[in-house]
Amino acid sequence: MKSKIYKISRWIHKYFGLLVLLFMAYMSLSGILLNHPDLIQNASVSRMLVPKQYQPDNWNRSSLKGIEYLGDSLLVYGRQGIFLSTDNGKSLQAFMQGDYPKSALGKRSNHLYYSRENKLLLCASNQGCLQYNFKQSKWINLPLPNGDHSIIKILNTGKHLLLVSKSDVYQTSLHNDKLNFEKLSLKKKKYSSYISLIQVFFQLHDGSIWGLPGKILWDIVGLILFFLSISAFYIWYYPKKWKRRYKREGRRASYKEKNVRSFFFKYHKKLGWYFAIFLVLITFTGMFMNPILMMTLVNGKVNSKYYPSLKNENPWYHKIRNALYDNQQNQLVLECSDGIWVGNYNENIEFEKIKLPVRIFGMGTTVFREEKPGVWLVGSFGGLNRVDRNENQSEKILQTKKSDNSGRPASTFVTAYEKLPDGNHYIMGHYKGICNVKGEKLIDVFPMPDKIRKNSKLPLWNYMFELHNARMFRGLIGGFYMLIIPLGGLLCLLMLLAGVLDYWLTKPKVRNRIN
C-alpha cells in the first residue's frame, strides 16, 4: 500500500512539476520584485515589449484623470503625465519641465491643484508633490517631512492646503508665501472590527502581514522556489541528455556532472521539505488573487483580535486610497481600505467611520470629490454615483449592472469624471477611454496625440504585476487568462503536497541505510 501511494505521489510531483516549471520560476522572480517597488520605481519597459492592450488609446487606462483650466489654456493630466493645450484640447504639448519625474511610474500625475487667486499650481505625483514656478517655467520639487513618496490628493480647506498620501496627511497654511508642509497626527476611533478576508489573503501572500521581516522571509522563500524550479529541470533533463550522449558517443557522465546533479537533488529535497509550509501558504493564497476565486472571499471576515499582523503605530498606514474635503461639515473625509472615515483634521479628536449608500468596488474609489456642499461624486469600477449626504441617498450617474454585493465590476470601469465649462459630462473608462454618461465610447472630444502613444512606456513594477496576475495574456487568450492563476496554483499545490509526501515516505529508508 505504501509503495503504491509513493508511486502515485512521485508521478504527481514529477509531471505536475514539469508542467508548472516556467510558471513557478516567473512567479517567484516577479513576486520578489513586486514586494519592493522602491527598488524598481525608476525602471520602465519599452513600448515594443508591451502588449497592445496596455498601450494608451483614447485616454484609457487612466491616461486622463482630470482637466485643470488655466485661464484660456488647459492642462490634461493622468498616467502619461501632464499636457498643455491652448486651443481647447485640439492639440497638446508636454508640460513636464524641471524636476518633474522622468520615469514611467514617477511621472504619473494623480491630481492637479490650481488657485488663480494665489497663482499656485501643484501636482500630486507618484514621487512626491511638485510646485510650478511660472517665472522660470518649470516644476520644482517640494520637500516633505517623510521624503518623497506617492501623493494621492491635494485639498483646499479654506485655511490650509492638505496633501494626502497612502499613509499620511500633510498640512500647510494658505497664507504663507512659502509652502512648508508638516505631518498631521490623525487619530482613529477604535471599533470592534473585522478584517476583510481578501485583505488577509493579500497580506499573507506577500508577507506584509508580518511587516518588513515577513516580506524579507517571503523574498527568501521566493528565491528558494526559483532554485527548486531550476534544480527540478536539471535533475530531470540532464540524465536523459547523458543517456542520449552515451548511446551516440559512448561517453558517460563525468564525475563533476554527477556531483552537480547530486548537489541539486540533495538541496531540492531538503529545501523543499524545510520550507514546505511557506511554499504551500504562498501558493494557496496566490490562487485567490484572481477574480474567479476572489469572489468566494468577498463576504468573508476575520475578527481583528485574531489578526496576526504586526501592529503599526500609524493607524492609516497604507490604507488611504482617496480623499475629499466636506465644506458643509468642515470635515476631512478619507476613503480607506477599511472603510470611509470623517473628522476634523485640525482638532485632537478621533475620526469616525461612516457608511455611504453606494457600492464601492474592492479596489477603492477612482472618483471621490465634492460636487457642491453636501453632494459628493463617488465613482469606482462598480459605477458612478452622486451622493446627497444630508438625505443619505444616492443617484446613479452610470451603473450598467445591478447594484449588489457580489463584488462584480460594472461594464464601464470608471476611472475619472469631468464636467466641462460647456456643460458636457464625460466619463473615463479603464478600457474604453472617454465615454458619455451612458458608457458609450467617444473619440473626438480630446484627440489623443500619436506621440503620446509612441512614447508611452509601462513601469517595470506594473509590467511584473500584470505578469504575476496573468492579465498580460489577455490579448492572446481572452477571458481564459483568468484560469491561469487558479489552475496553475492548483497544479503547484498538488505538486508541493506530493513532494512533501514523497520526502516523508522515503525519509525512514534514508535513516535505515545510515544505521
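What you see is a predicted model; the values in this text were computed from it and never measured.
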message: Working note: Ile152 + His111, criterion side-chain contact (heavy atoms from CB on, under 4.5 Å); need CA distance, chi angles, decisive distance, verdict.
response: CA-CA 7 Å; Ile152 300 168; His111 191 217; over 6 Å; no
task: Report the relative orientation of the aromatic rings in Trp218 and Phe278; use parallel for angles under 30°, tilted for 30 to 60°, perpendicular for over 60°.
output: perpendicular
message: Aromatic contact between Phe134 and Tyr132, with the criterion being ring centroids under 6.0 Å apart: yes or no?
response: yes
message: Please tell me whether Asn469 and Asn290 have a donor and an acceptor in their side chains that are separated by less than 3.5 angstrom.
response: no
- prompt: How close do Ile320 and Ser167 get, heavy atom to heavy atom, and via which atoms?
  reply: CD1-C, 4.0 Å
message: Show, in sequence, the C-alpha distance, side-chain angles and deciding distance for Ile67 and Phe446, and conclude whether the side-chain contact (heavy atoms from CB on, under 4.5 Å) test is met.
response: CA-CA 11 Å; Ile67 299 170; Phe446 286 105; 3.4 Å; yes
task: Answer yes if the ring centres of Phe381 and Phe413 are under 6.0 angstrom apart, and no otherwise.
output: yes
- prompt: For the residue pair Leu332 and Leu162, what are the closest heavy atoms and their distance?
  reply: CD1-CD1, 4.1 Å
- prompt: With distance as the sole test, does Ser85 use its side chain to make a donor-acceptor pair with the main-chain N or O of Leu74 at under 3.5 Å?
  reply: no
- prompt: Side chains of Asn436 and Tyr426: is there a donor and an acceptor less than 3.5 Å apart?
  reply: no
- prompt: What's the spacing between Leu467 CG and Met472 CE if we round to 0.5 Å?
  reply: 4.5 Å
task: Please test Asp338 against Arg321 for salt bridge (charged side-chain N to carboxylate O under 4.0 Å, His left out), starting from the C-alpha separation and ending with a verdict.
output: CA-CA 10 Å; Asp338 59 348; Arg321 303 188 295 198; over 6 Å; no
- request: Could you verify whether a donor N or O on one side chain and an acceptor N or O on the other, from Lys432 and Asn58, lie under 3.5 Å apart?
  value: no
- prompt: Looking just at side-chain N and O atoms, do Asp168 and Asn314 make a donor-acceptor pair shorter than 3.5 Å?
  reply: yes
- prompt: Under 3.5 Å, side chain of Ser44 to main-chain N/O of Ala104, donor-acceptor pair present?
  reply: yes
message: Please check this pair: side chain of Asn462 against backbone of Leu458, looking for a donor-acceptor N/O pair closer than 3.5 Å.
response: no
- prompt: Do His160 and Tyr345 have a side chain donor and acceptor closer than 3.5 Å?
  reply: yes
- request: State, to 0.1 Å, how close Ile282 and His205 come at their nearest heavy-atom pair, and which atoms those are.
  value: O-ND1, 3.0 Å
- prompt: Which distance, rounded to the nearest 0.5 Å, do you find between the CG of Asn344 and the CG of Asn330?
  reply: 7.5 Å
query: Got a donor-acceptor contact below 3.5 angstrom from the Ser103 side chain to the Asn42 backbone?
result: no
- request: Kindly indicate, with the supporting measurements, whether the criterion side chain to side chain donor-acceptor pair (under 3.5 Å) is fulfilled by Asn322 and Lys153.
  value: CA-CA 7 Å; Asn322 217 325; Lys153 209 73 171 279; 3.1 Å; yes
message: Please check: side-chain N/O of Trp316 versus main-chain N/O of Leu186, any donor-acceptor pairing under 3.5 Å?
response: yes
- request: Kindly give the heavy-atom pair with the smallest separation between Ser150 and Ser165, and that separation in Å.
  value: O-CB, 3.3 Å
message: Strictly distance-based, threshold 3.5 Å: is any side-chain N or O of Ser46 a donor or acceptor partner for the main-chain N or O of Met48?
response: yes
statement: Smallest heavy-atom separation, Tyr431 atom then Asn60 atom, equals O-ND2, 3.2 Å
- prompt: Any luck finding a side-chain donor-acceptor pair between Glu335 and Thr365 under 3.5 Å?
  reply: yes
message: Set out, in order, the CA-CA distance, both residues' side-chain angles and the distance that settles side chain to side chain donor-acceptor pair (under 3.5 Å) for Tyr113 and Asn156, then state yes or no.
response: CA-CA 9 Å; Tyr113 168 81; Asn156 185 342; 2.8 Å; yes
task: For Asp219 and His36, run side chain to side chain donor-acceptor pair (under 3.5 Å): C-alpha distance rounded to whole Å, both residues' side-chain angles, the deciding distance at 0.1 Å, then the answer.
output: CA-CA 10 Å; Asp219 291 342; His36 303 281; 2.3 Å; yes
task: Could you tell me whether the side chain of Glu370 and the main chain of Asn327 form a donor-acceptor pair under 3.5 Å?
output: yes
query: Under 3.5 Å, is there a donor-acceptor pair between the side chain of Tyr463 and the main chain of Leu49?
result: yes
query: Strictly by modelled atom types, are Asn346 and Gln171 linked by a side-chain donor-acceptor pair under 3.5 Å?
result: no
Flag for Tyr100-Ser125: side-chain donor and acceptor within less than 3.5 Å: no
message: With a 3.5 Å distance limit and no angle check, can you tell me whether Asp99 reaches the backbone of Asn141 through a side-chain donor-acceptor pair?
response: yes
- prompt: Do Phe288 and Phe201 make the cut of ring centroids closer than 6.0 angstrom?
  reply: yes
field: Counterpart residues, side chain to side chain donor-acceptor pair (under 3.5 Å), relative to Asn392 (two or more places apart)
entry: none
- request: Show the numbers, then the answer: is there a salt bridge (charged side-chain N to carboxylate O under 4.0 Å, His left out) between Arg386 and Glu395?
  value: CA-CA 5 Å; Arg386 182 176 286 109; Glu395 169 197 355; 3.3 Å; yes
message: Checking the side chain of Arg61 only, and the main-chain atoms of Gly429 only, is there a donor and an acceptor separated by less than 3.5 Å?
response: no
- prompt: When you measure from the centre of the six-membered ring of Tyr54, is the NZ or CZ of Arg453 under 6.0 Å away and within 45° of the axis?
  reply: no
- prompt: Hey, are Gln55 and Arg47 close enough side-chain-wise for a donor-acceptor pair under 3.5 Å?
  reply: yes
task: Examine Lys215 relative to Trp210 and say whether NZ or CZ is less than 6.0 Å from the centre of the six-membered ring and inside a 45° cone about the ring axis.
output: no
message: Tell me whether the count of non-hydrogen atoms from other residues, nucleotides or ligands lying under 6.0 Å of NZ in Lys166 goes above 12.
response: no
Over all atoms of both residues, closest heavy-atom pair of Ser91 and Asp87: OG-OD2, 2.6 Å
